[in-house]
Structures are given as C-alpha cells and as structure tokens.
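Structure record follows, encoded as structure tokens.
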Amino acid sequence: GGAMTPAERTTAAAGVTASLKDAGVIGGWRDELFPVSSGYGQEPLLLVERASASLLGIRAYGVHINGYVTLPNGEKELWVAKRSATKQTFPGQLD
C-alpha cells in the first residue's frame with residue numbers, strides 16, 4: 001500500500017501514454033519528459049511525455065519573448081517569434 005512515489009507515477013503514466021501513441025492518439029512524440037505539478041514552480045508529482053501533456057489536461061507553461069525596435073528613421077516595429085519549421089507542433093506558426 002501507501003502512496004506512489006513520483007518515479008512510480010511516472011512509470012505508470014509512461015505505459016498509458018505509450019499505448020496512446022501506438023494507437024495514433026498522440027502525435028508529435030518528442031521523447032521529452034514534462035513535469036506535472038500542482039502549480040508553477042512546485043515539485044513534480046510525475047513526469048509525462050511532453051506531447052501528451054495537453055491531451056491529459058495538464059497545464060503547460062512556456063516563455064515567449066517579443067520586442068519593439070526603433071528603426072534608424074524613427075519608426076517602430078514589433079518583432080514576434082516564429083516557431084521552427086521542424087517543430088512537432090504548430091511548425092512555422094507565430095509563437
């Protein structure tokens with residue numbers, strides 16, 4: 001008995017996500033573990049394949065940087081990040 005450890009939960013979830021991948025439910029598999037916690041900056045409760053996080057209802061966080069620049073003629077422009085064309089999810093789209 002007793003509560004499962006984060007490592008045990010990770011192992012259990014890996015079996016489920018692998019089955020979903022094999023069934024074609026999860027695309028864009030990265031072989032990248034993503035921490036699942038009760039809140040931003042909290043200790044992970046388990047790790048799951050990153051591609052499965054949104055399908056499992058897990059809140060994901062990311063950092064995006066945009067910038068304003070002033071051109072030599074005084075005009076201002078906004079620089080917006082664009083995703084790599086080789087990304088598994090939303091390739092080539094604005095971030």
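Worth saying up front: this structure is predicted, and the values here are computed from it rather than measured.
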Restricting to side chain to side chain contact (heavy atoms under 4.5 Å, CB included), what partner residues turn up for Gln93, sequence neighbours left out?
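Side chain to side chain contact (heavy atoms under 4.5 Å, CB included) list for Gln93, sorted by chain: Phe90.
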Not counting sequence neighbours, which residues clear side chain to side chain contact (heavy atoms under 4.5 Å, CB included) with Gln42? List them please.
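Scan of Gln42 (side chain to side chain contact (heavy atoms under 4.5 Å, CB included), adjacent residues dropped) gives Ser37, Ser38.
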Please report the interatomic distance CG(Leu46) to OG1(Thr5), rounded to the nearest 0.5 Å.
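Spacing of CG (Leu46) from OG1 (Thr5) equals 10.5 Å.
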Side-chain donor or acceptor of Glu75 paired with backbone N/O of Thr70 under 3.5 Å
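Such a contact is absent between Glu75 side chain and Thr70 backbone.
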Report whether [X] and [Y] are members of the same hydrophobic cluster (ILVMFWY, side-chain heavy atoms less than 4.5 Å apart, transitive linking).
| X | Y | result |
| --- | --- | --- |
| Trp79 | Leu94 | no |
| Phe34 | Leu56 | yes |
| Leu45 | Val48 | yes |

So which heavy atom on Glu49 is nearest to which on Ser52, and how close?
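Residues Glu49 and Ser52, closest heavy atoms: O-OG, 2.7 Å.
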Where do Ala51 and Gly27 come nearest, in terms of heavy atoms and distance?
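Where Ala51 meets Gly27 most closely, the heavy atoms are CB-O, 3.5 Å.
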Results of salt bridge (Lys or Arg N to Asp or Glu O under 4.0 Å) for [X] - residues two or more places apart only:
| X | result |
| --- | --- |
| Arg9 | none |
| Arg83 | Asp95 |
| Glu32 | Arg50 |

Just wondering, do Leu55 and Ile26 contact through their side chains at under 4.5 Å, heavy atoms?
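They are in side-chain contact.
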Would you say Leu71 has more than 12 foreign heavy atoms packed within less than 6.0 Å of its CG?
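Yes, because the 6.0 Å sphere around CG of Leu71 holds more than 12 heavy atoms from other groups.
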Using distance only, find each side-chain donor-acceptor pair of residues 10-19 under 3.5 Å and give its atom names and separation, not counting sequence neighbours.
residue, atom, partner, partner atom, Å
Thr10, OG1, Pro6, O, 2.8
Thr10, OG1, Leu47, N, 2.9
Thr11, OG1, Ala7, O, 3.1
Thr17, OG1, Ala13, O, 3.2
Thr17, OG1, Ala14, O, 3.2
Ser19, OG, Gly15, O, 3.1

